[in-house]
Amino acid sequence: MTQRLMVHGGSPLEGEVRVSGAKNLVPKAMVAALLGQGISHLTNIPDIRDIHVVSGLLQLHGVTVHQDNSGLILDASHVKNANVEDIVGHAGSSRIPILFSGPLLHRLGHAFIPGLGGCDIGGRPTDFHFEVLRQFGATIENHPQGTYLVAPQRLRGTKIELPYPSVGATEQVLLTAVLAEGVTELRNAAIEPEIVDLICVLQKMGAIITRDADRTILITGVDELNGYNHRALPDRLEAASWACAALATKGDIYVRGARQLEMMTFLNTFRKVGGAFEVDDEGIRFWHPGGELKAIALETDVHPGFQTDWQQPLVVALTQATGLSVVHETVYESRLGFTGALNQMGAHIQLYSECLTGSPCRFERQNHTHSAVVSGPSKLTGGELHVPDLRGGFAYLIAALAAKGTSTLHGIDLINRGYENFMEKLRDLGADAEMITS
């Protein structure tokens, strides 16, 4: 059975939605529970695919996972070996399983990591993850089904400098270093809010972690960790997606649970484009105030820069801005591939391999089309859309909602990876959309 989404666009989205817990924190906090000898309680859980993948893998390794009205209860008191075939079957299309490496090496002395999936938005190599684990003292063998890791002795702290402040690599180091012997020094670390929240989880478990101002993190290994009680921070990426939907459809959306602190860079850009917002203690209201939207120059970057996950939904709004907007994607080299379908709907977007804004980035002279010029405003019309990845899929959804006529979105499962109950939220905002199963 396949599902497709029929969207009848052209009307503003108006109403209220509640932002879910952060997709980029909750699965990692669940993995962290493997490190503790006791029970962990994690609240503000989104109902998305990655949560189910991680739950299944934890249960294969002997972790009891129970969901109640408040969240997840994870008991890692009796971690055990898992069958390789079962691990491969539960891995799905998620990239989270690689983060099981350090915790399983600490708890069992060995680990098996299946081949990884995830969105096709550019290179996200796993080699560096395994090289980091070698530096901690792990032995690694590659096999057709995946990678076997063994820790002949207790893992040891080390000095690591990341060539790029990768979120995944930073998480790998944190989850491995907290129980390693001695001190680990991590330079050029990612400092996204979800990383900071993961550090808070680990500290609650008994870890000793110090953050310096220059992207350096020091982790002093301890002999044992306990469970934790933690409420996940809200998903700033989902909140920004709804904000872009309000802007593109000339709507008005109150995003309950959205927080200003983690979204300051986005809010500045939203205002520059011509959007309006209002912050209160419960969330943020986003709306199109009328008049023309303004073209801007935009460059994505690691936090505290403009997040790459904000780029695709905002590009749809930029198709409605007057003038030429320039977008330079510096995080994932293939993330602008989604724009071809927007052009078929009536947008005017040209891609370039040059670095069109700011200083040259790491993709310079590599023939990646990682810059775009968006000419607007454009009249979008409905079309057949095949979802390419998570954020690109939500961008297509926004385009379909803003367009005149009917659009059909195929591959909706990819949107479910990061947006909890998005169909229910669309209905709450007055969208004319229906899911067709065949």
Side-chain angles (χ1 to χ4, degrees), residues 3 5 17-31 42 44-56 72 91-99 116-122 124 167-168 171 192-195 197-198 232-245 253 255-259 262-263 266 300 303 306-316 331-332 334-335 337-338 385-401 409-426 428-429 431 433 435:
Q3 288 186 316
L5 181 64
V17 295
R18 178 179 290 277
V19 71
S20 304
K23 169 189 177 289
N24 286 350
L25 178 275
V26 173
K28 290 75 177 285
M30 293 170 66
V31 174
L42 181 62
N44 200 23
I45 308 297
D47 184 14
I48 56 176
R49 184 191 300 171
D50 276 356
I51 305 304
H52 303 297
V53 171
V54 175
S55 292
L72 287 175
S93 60
S94 173
R95 297 182 63 82
I96 305 299
I98 198 170
L99 297 179
L116 304 178
C119 291
D120 184 14
I121 53 177
R124 295 190 284 179
V167 169
E171 292 164 340
E192 271 68 5
E194 296 81 10
I195 291 287
D197 214 33
L198 179 60
L233 82 168
D235 196 319
R236 65 201 172 103
L237 309 179
E238 182 194 1
S241 296
W242 292 116
C244 294
I253 300 176
V255 184
R256 186 169 296 279
R259 299 198 310 208
E262 294 91 1
M263 298 187 67
F266 174 84
T300 66
H303 187 79
F306 192 91
Q307 301 296 279
T308 179
D309 295 82
W310 292 334
Q311 175 258 112
Q312 289 161 294
L314 186 65
V315 162
V316 180
V331 180
Y332 291 122
S334 300
R335 193 144 217 177
F338 79 105
L385 300 168
H386 295 268
V387 173
D389 58 77
L390 172 58
R391 305 301 170 187
F394 202 90
Y396 285 178
L397 177 57
I398 295 173
L401 292 163
L409 278 72
H410 304 269
I412 288 298
D413 265 1
L414 280 171
I415 298 180
N416 284 325
R417 282 193 57 230
Y419 294 91
E420 178 187 39
N421 298 330
F422 78 92
M423 282 298 298
E424 180 181 328
K425 293 176 181 180
L426 285 176
D428 290 342
L429 296 173
M435 195 75 75

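Proximity of a side-chain donor or acceptor of Asp235 to a complementary backbone N or O of Ser20 within less than 3.5 Å is not detected. Side chain of Tyr396 to backbone of Phe338: a donor-acceptor contact under 3.5 angstrom is found. Asp389 places a side-chain N or O within 3.5 Å of a backbone atom of Gly392 that can act as its donor or acceptor partner. Using a distance-only test at 3.5 Å, with no hydrogens or angles considered, no donor-acceptor pair links the side chain of Asp47 to the main chain of Glu420. A donor-acceptor pair under 3.5 Å is absent between the side-chain atoms of Asp50 and the main chain of Pro27, judged by distance alone.
Closest heavy-atom contact between Leu237 and Asn24: CD1-ND2, 3.4 Å. Across all their heavy atoms, Ala240 and Met263 have their closest contact at N-CE, 3.7 Å. Minimum interatomic distance between Ala29 and Leu42 (heavy atoms only, all atoms of both residues): CB-CD2, 3.9 Å. Minimum interatomic distance between Gly411 and Val387 (heavy atoms only, all atoms of both residues): O-CB, 3.5 Å. Shown here for Ile412 and Met435, the closest heavy-atom pair between the two residues is CG2-CE, 3.8 Å. Pro46 and Ile51 get closest at one heavy-atom pair: O-CG1, 3.2 Å.
The shortest side-chain heavy-atom distance between Ile253 and Val255 falls under the 4.5 Å cut-off. Residues Ile195 and Lys28 fail the side-chain proximity criterion, which asks for heavy atoms closer than 4.5 Å.
The CG atom of Leu397 sits 9.0 Å away from the CE atom of Met423 when rounded to the nearest 0.5 Å. To the nearest 0.5 angstrom, Leu72 atom CG is 5.5 Å from Ser55 atom OG. One finds the CG atom of Leu409 at 6.0 Å from the CD1 atom of Ile415 (value rounded to the nearest 0.5 Å).
Aromatic rings of Trp242 and Phe422 (six-membered ring for Trp) have centroids beyond the 6.0 Å cut-off, not under it.
In this structure, a donor-acceptor pair under 3.5 Å is present between the side chains of Arg236 and Gln307. No hydrogens or angles considered: a donor-acceptor pair under 3.5 Å links the side chains of Arg335 and Gln312. One side chain, Arg391 or Tyr419, offers a donor N or O that lies under 3.5 Å from an acceptor on the other.
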Residues Asp428, Arg18; criterion salt bridge (Lys or Arg N to Asp or Glu O under 4.0 Å); working and verdict
CA-CA 10 Å; Asp428 290 342; Arg18 178 179 290 277; over 6 Å; no
